[in-house]
Amino acid sequence: MVFENIGDKAAQATNSEQGEQFTDHAFDAAGDHADTAIGNQHDEHIQKMRDGADAAAGTE
C-alpha cells in the first residue's frame with residue numbers, strides 16, 4: 001500500500017537540514033498568524049507552543 005510507511009518517511013524528511021528549515025519556517029508563519037489573529041495578547045504562550053512543536057518535529 002502506498003501509505004504504509006508515510007510516518008517513517010515524514011520523520012526522515014523532518015530530520016534533515018532541509019526539513020528543519022521547512023518546519024522552522026512553517027512554525028514561524030503559524031505563530032505569526034496566531035499572534036495576529038488574537039491581537040498579540042498571548043505572545044509568550046504562542047512562542048512556547050511553537051518551540052515545543054519545533055523540538056518535537058526537528059533536529060535542533
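All values reported here derive from a predicted model rather than from experimental measurement. Atom set for the values below is all heavy atoms of this structure, side chains included, hydrogens, waters and symmetry mates excluded.
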A.B. asks: Distance check, rounded to the nearest 0.5 Å: Arg50 atom CZ versus Asp32 atom CG?
C.D. replies: 9.5 Å
A.B. asks: Starting from Met49, walk the hydrophobic network (Ile, Leu, Val, Met, Phe, Trp, Tyr; side-chain heavy atoms closer than 4.5 Å) and list everyone else you reach, by chain and number.
C.D. replies: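 Once heavy-atom contacts under 4.5 Å are chained together, Met49 still belongs with nothing else.
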A.B. asks: When rounded to the nearest 0.5 angstrom, what distance separates OG1 in Thr23 from CG in Asp28?
C.D. replies: 9.5 Å
A.B. asks: Less than 4.5 Å apart, side chain to side chain, heavy atoms only: is that true for Gln47 and Glu44?
C.D. replies: no
A.B. asks: When rounded to the nearest 0.5 angstrom, what is the spacing between CG in Asp35 and CG in Asp43?
C.D. replies: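 Going from CG on Asp35 over to CG on Asp43, the span is 4.5 Å.
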